[in-house]
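By convention in this document, chain letters (A, B, ...) are assigned in the order of the sequence lines, proteins followed by strands, and residues within each chain are numbered from 1.
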2 protein chains.
Amino acid sequence: MAEKEFVSAQEVARRAGVSRSAVSRTFTPGASVSAETRRKVMAAAEELGYHVNHLARGLMRNESGIVCLIASEVATPYRSALVSAITQKLQDHSKIAMLVNTDRSDGSADKALRQAISYRADASIILSGLPDKSIVQLCLRNGQRLVLINRDDDQEGPLRINFDNDEAARRILTAFLRAGCRRLAFANSASMTPSLLARERGFLAAGQAEGIEVIVERYGQTAYASGRTLAQRLLTRKDRPDGVFCATDLLACGFMDAARNQFSLSIPDQLCVAGFDNIEQAGWESYDLTTFDQPVDQIAQQAVEWLSAPLSAPAASPTVTLHAELVWRSSIRGG
Amino acid sequence: MAEKEFVSAQEVARRAGVSRSAVSRTFTPGASVSAETRRKVMAAAEELGYHVNHLARGLMRNESGIVCLIASEVATPYRSALVSAITQKLQDHSKIAMLVNTDRSDGSADKALRQAISYRADASIILSGLPDKSIVQLCLRNGQRLVLINRDDDQEGPLRINFDNDEAARRILTAFLRAGCRRLAFANSASMTPSLLARERGFLAAGQAEGIEVIVERYGQTAYASGRTLAQRLLTRKDRPDGVFCATDLLACGFMDAARNQFSLSIPDQLCVAGFDNIEQAGWESYDLTTFDQPVDQIAQQAVEWLSAPLSAPAASPTVTLHAELVWRSSIRGG
DNA sequence: TTGTAGGCGTTATCAA
DNA sequence: TTGATAACGCCTACAA
C-alpha cells in the first residue's frame, strides 16, 4: 500500500519555489501576498492536491471551526429537520458540524460534551438531554460556547432558545372551545422533557383559567406508538374527551390512527386533535393536523449567529424565546 | 472575559509532578505507566479538567478519528435513520461523525470531500451524490477511505454498499401478479438516483420476462408531494394501473393518499401499492405499506467495520450487496 | 512583500 | 517505567 501521506505546505512551497510562510499566507484571507506569488502557490497546490490542515490550523489559532451537535432520536422528523437546518447554517458560516448521537448513552450529554472538548469544538449545541452543571461550567471555562435548544434550564452561561409554550397552550385551548369541545385532554409522553412539560402545564393552566378540568395522560416515549396507547387510554374513559392536545405531532399521528381505526371516531366531527412541531407528516393528507410550527430555520439562524458573534457578548446568559405559529388544518372543527 | 485557555498536558504534568510523557502515556491505551503515576496524573487531570487534544493527537498520529458523512436530504425518514445508525456505530468504534449537508451545494459532494480532506478525516461515507472521479482519487491518494452507499458506481477504490434491487423488483412483481393485478406501473422520482433507476429497470425487466408491459412515470423529487402528482398522472390514464410499485416509501405515501382521497380508490381492493425503504411511516396504520426493508443497522455495521479494519484490505474495490427483505403489509391483496 | 525562527499540544523514539 | 527530545503542519511575529 502506497499510503501516500497528505500534502503539506512545505511540499507546496518547494514546488512553487517559495517559502512555507508564503503558502500559509496564500491560504490566509487578508494576508499580504503578491499576485505573482499567489499564482505560483495556487498552481503548485492544485497540482499536488494540497489542502490546508484544519487540525494544525485549529491548534495554532485556538479555533477549530468545529461545532458539536448533541442529540438523541436523530431519526425523528422534527429532530432531523433541526439537525439539517443547523448543519446548513453552520456551513454557511464556514463551520462544520460534528454530530454526537446520545441515543444509547444513558442520559448523558456529559460524555458528548467531553468529546466536544477533546476535539476543541468552538461550541456545542445541545438538542437533547441536560448536561450536568459542572460539565457546562467546564465547557464555558474552556472558552466553549453552549446553546441549549428547547431545554428550559436555569444554567448560567449558555444561550437558551425556547418557545412560548404557554401562549401556544392558551391559543389551542381557545380553538378547542370555539370548536365546541367540552372534555379536553392532554396526551403526553412519559419522557418528561422540559418543553413537553411546559406545554402540559400551560394547557392545564389555560383550562383552569376557563374553569375546565383537563385530563392528562402520559405514556412511553415521544413516538407514534405511544400516541396509539394514549388513545387507548383516553378514549376508553367514561368521560371520553372530545378535544385532545398532543404534546408532539408524532404522538398526534398515532393518536389519530387509533382513534379512527380502533374507535371509529371521525375527526374532527367527533374528536378534535392538535399537535406540536409541524413535522412534515402533519401536512400529509391522512392527518392534516392542526399544529404549531417550530421554525427550525429560525432556531438554526439564532444559534449560529450567536456562535459567530464576537466574544464581546454580555456575560449574562441570553434567552431567545421564539414564537410558534398555529397552523390551521382540518383536525379541529371550525377554523 | 477570562477566556481561560484549554488545559494542556504540560500543566497536568506540573501539577502531578511528572513529565509530559507520563501524562501522554496515561491517556494512551496500552502504554506502560505505573499504577502510582497513573493515579497522580488522573487526579491532576480531573482537578484541572484536562482533556486530550484530539486535534494535536490527530496531527501526530496521522489519524484524526473523524469520519465525514456526506449527505443531502438529511431530514428525510430513510436518510435520517441511516445517519443515526452510522453515527452510533462510529461512536461504538470510538470515532466521531462530521456531518456535511449537501442540500444546497449544487450537486457537489466534491466540496464536501475537500472539507473532509481539510479536517484530515480518516474516511468519508457518501450517502448522496456522486463525487467527481478526480476527487475520489485525491481522497484515496491521501490515504482516506471511502464508502459509497446505494450509489452504484464504477469507481475503483471505495467500498460500495448496495442492495439487490433487481431481485426485489422480481419479487414484488410476482406479488402483484398473485394479487391479480393486470396493469402494472412504476412510480419514480425524476432525480435519477442510481438505486432508484436500478429498481425501475429491474421492475421493467421482470415485467418483460412475464410478457407484461410496465408503465413508467417519473416526476419531481423523491418526496411525498411527488407521489401525489404521480398518482394524478397514473390514475387518470385510460389504462389505469391496478398495481403500482413506488420507488420509495415516501412516494408511496403520497401516492396512496391521492389514490384514496382524490380518486376514491380502496387499497388494496381496487389498487395495490408497494414501496421501498421501510421507513417508519410505512408501518403507520394509515398506510400499512408493503415494502422492502433497507436494514440501516446492517449498512452502518458493514461500513464502519470496513473502516476499522486494518489497511491490509485488498486493493480491489470491494462491493457489498445486501438483501432487502420484503415486509408484507396490507397494501397488496393476498399475502 | 518575503523568508526565518519559534511555538501550538501531542505522541514516538531513545536513552537512562 | 520514566524523562528529554524531535517531530507533526501550521501560523505569527520579526527581521530582511
Item to complete: Take atom CG of A/Asn53 and atom C1' of C/dC8, then tell me their distance rounded to the nearest Å.
Response: 13 Å
Worksheet item: Going by distance alone, is a donor N or O of one side chain under 3.5 Å from an acceptor N or O of the other, for B/His51 and A/Arg114?
Response: yes
Discussion item. Looking at C/dT11, I'd like to know if its phosphate oxygens (OP1 or OP2) sit under 4.0 Å from a side-chain N or O belonging to B/Ser24.
Written reply: yes
Item to complete: Send over the distance from A/Arg61 CZ to C/dG9 C1', rounded to a whole Å.
Response: 17 Å
Worksheet entry | Donor-acceptor side-chain pairing of A/Ser34 and A/Thr37 below 3.5 angstrom | yes
Item to complete: Could you check which of C/dT10, D/dT12, C/dT13 has an atom nearest any side-chain atom of B/Val52?
Response: C/dT10
Worksheet item: Any donor and acceptor pair, going by atom type alone, linking the side chain of A/Thr28 with main-chain N or O of A/Ala31 inside 3.5 Å?
Response: no
Worksheet entry | Residues B/Arg39, B/Glu36; criterion salt bridge (Lys or Arg N to Asp or Glu O under 4.0 Å); working and verdict | CA-CA 5 Å; B/Arg39 199 191 51 70; B/Glu36 174 58 10; 3.1 Å; yes
Worksheet entry | Main-chain N/O of B/Asp132 paired with B/Asp110 side-chain donor or acceptor, under 3.5 Å | yes
Item to complete: Give one of base, sugar-phosphate or nothing for A/Arg20, where a contact means two heavy atoms less than 4.0 Å apart.
Response: nothing
Worksheet item: Touch check for B/His51, heavy atoms < 4.0 angstrom, all strands: base, sugar-phosphate only, or nothing?
Response: sugar-phosphate
Item to complete: Could you work out which one of C/dG7, C/dT10, D/dG3 sits closest to the side chain of B/Ala22?
Response: D/dG3
Worksheet item: Distance-only, no hydrogens or angles: does the B/Arg151 side chain make a donor-acceptor pair with backbone N or O of B/Arg160 under 3.5 Å?
Response: no
Worksheet item: Strictly by modelled atom types, are A/Thr26 and A/Arg38 linked by a side-chain donor-acceptor pair under 3.5 Å?
Response: no
Worksheet entry | Terminal axis angle for the helix from C/dT1-D/dA16 to C/dA16-D/dT1, five pairs an end, nearest 10 degrees | 40°
Worksheet entry | Options C/dT10, C/dC8, D/dC10, nucleotide nearest the side-chain atoms of B/Arg120 | D/dC10
Worksheet item: Of all the nucleotides listed (D/dC10, C/dA12, D/dT2), which has the minimum atom distance to the side chain of B/Met60?
Response: C/dA12
Worksheet item: Can you tell which of D/dC8, C/dG3, D/dA4 lies closest to the side chain of A/Ser19?
Response: C/dG3
Worksheet item: What is the distance from CG of B/Leu59 to P of C/dT11, rounded to the nearest Å?
Response: 11 Å
Practice prompt. Would you state whether a donor and an acceptor, one from the side chain of B/Ser21 and one from the base of D/dA4, lie under 3.5 Å apart?
Written response: yes
Worksheet entry | Between C/dC14 (P) and B/Arg25 (CZ): distance, integer Å | 14 Å
Discussion item. Whole angstroms only, please: what is the CG-C1' distance between A/Asn62 and C/dG7?
Written reply: 13 Å
Discussion item. Can you work out whether A/Ala9 or B/Val18 has the more 5'-proximal nearest nucleotide on DNA chain D?
Written reply: B/Val18
Worksheet item: With a 6.0 Å cut-off on ring centres, are A/Phe27 and A/Tyr50 close enough?
Response: yes
Discussion item. Heavy-atom nearest nucleotide on DNA chain C for B/Tyr50 versus A/Gly17: which residue maps closer to 5'?
Written reply: A/Gly17
Worksheet item: For residues 27-40 of chain B, which residues have at least one heavy atom under 4.0 Å from DNA chain C?
Response: none
Worksheet item: Rounded to whole angstroms, how far apart are CD on B/Gln10 and P on D/dG3?
Response: 12 Å
Fill in: Residue pair B/Asp297 / B/Gln88, side-chain donor-acceptor N/O under 3.5 Å
no
Practice prompt. Let me know the distance between CG of B/Leu55 and P of D/dC11, rounded to the nearest Å.
Written response: 13 Å
Discussion item. Can you measure B/Glu11 atom CD to C/dC8 atom P for me and round it to whole angstrom units?
Written reply: 11 Å
Discussion item. Main chain of B/Ser128, side chain of B/Ser72: is a donor-acceptor contact present, judged purely on distance under 3.5 Å?
Written reply: no
Worksheet item: So, is A/Arg57 close to the D/dC11 phosphate, meaning a side-chain N or O under 4.0 Å from OP1 or OP2?
Response: yes
